[in-house]
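One structure is given here, and the rest of the page talks about it.
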Amino acid sequence: MDMTQKRLCILASGSGSNAQKFFEYFQDHPKISIPVVLTNNVSAGVRERAKSFGIPSHVYPRKFWSKGEEVLDFLTKERIDYVVLAGFMLLLPIQIVQNYPKRIFNIHPALLPKYGGKGMYGMHVHEAVKVAGETESGITIHYVNEQYDEGQIIFQAKCTIKSDDTAKEIAQRVLGLEHENYPKVVEEEILKSIKNS
Ligand code: GRF
């Protein structure tokens, strides 16, 4: 175990295509490693993906995420420095958020502050964007603070929407932007904070 590496834990509830990009990107990284994945969903696709990279995944069902004490103990015991939310569907307990100031990253599949907040997840976001007749959408990578979707924005990238695009097509384009940018932006932020510490 390299004691100088920053340890990043991924939290995901679903397929885990973003998580997969992180596994690939950080596989042989000199400064950042991904020792473990956490999920609330025993059958989440992310578990198979993690396994194929030799990364263990632990399941904490929904009830563990209301206070989060056991999860926080686990993160502490594993000496986790950063947390990455990649399609994690539950609200993160406040105790965890407060223990990781500017150390929890989230990605939202729209250009916040638009199309964020309650009920704005998955296809709901892209359907709302389509119904509003937006000509562009994109991604927002931000820190998680006590106000959740309102944490400091780190990075946004945009894509064009054509008037005949379906919500599904918008979703695909946005997901492509996520894959292309999320690991890179997290890496940059972590390297910056290493440099400044
Ligand atoms: C992504 O669109 C992300 O923005 C959102 O959930 C989706 C996760 O997809 N928070 P995947 O599980 O990474 O494929």
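Quick note: residue numbers are just sequence positions, from 1. As the structure lists them, so they are numbered: ligands from 1, and atoms in each ligand from 1. Worth knowing before you read on, the calculation uses all heavy atoms, side chains too, and leaves out hydrogens, waters and symmetry mates.
Considering backbone and side-chain atoms together, G16 places an N or O closer than 3.5 Å to an N or O of ligand 1. Residue E178 places at least one N or O, backbone or side chain, under 3.5 Å from an N or O of ligand 1.
In this structure, the protein non-hydrogen atom closest to atom 9 (O) of ligand 1 is N18 ND2, 3.9 Å. If you check which protein heavy atom lies closest to atom 14 (O) of ligand 1, you get S17 OG, 2.5 Å. The nearest protein atom to atom 10 (N) of ligand 1, hydrogens excluded, is given as I107 O, 3.6 Å; this is a heavy-atom distance. Of the protein's non-hydrogen atoms, the one nearest atom 5 (C) of ligand 1 is G87 CA, 4.1 Å.
When only modelled atom types and interatomic distance are considered, R49 and S15 share a side-chain donor-acceptor pair under 3.5 Å. For the residue pair S163/D165, the side-chain donor-acceptor check at 3.5 Å is not satisfied. Side-chain atoms of E136 and T160 include no donor-acceptor pair closer than 3.5 Å.
Tracing side-chain contacts under 4.5 Å through hydrophobic residues (I, L, V, M, F, W, Y), one reaches F88 starting from V144; they form part of the same cluster. Residues L175 and Y25 fall into different hydrophobic clusters, defined by Ile, Leu, Val, Met, Phe, Trp and Tyr side chains chained together at heavy-atom separations under 4.5 Å.
Taking the six-membered ring where tryptophan is involved, the planes of Y182 and F22 are perpendicular, since the angle between them exceeds 60° and thus also 30°.
Distances shorter than 4.0 angstrom do not occur between any heavy atom of A12 and any atom of ligand 1.
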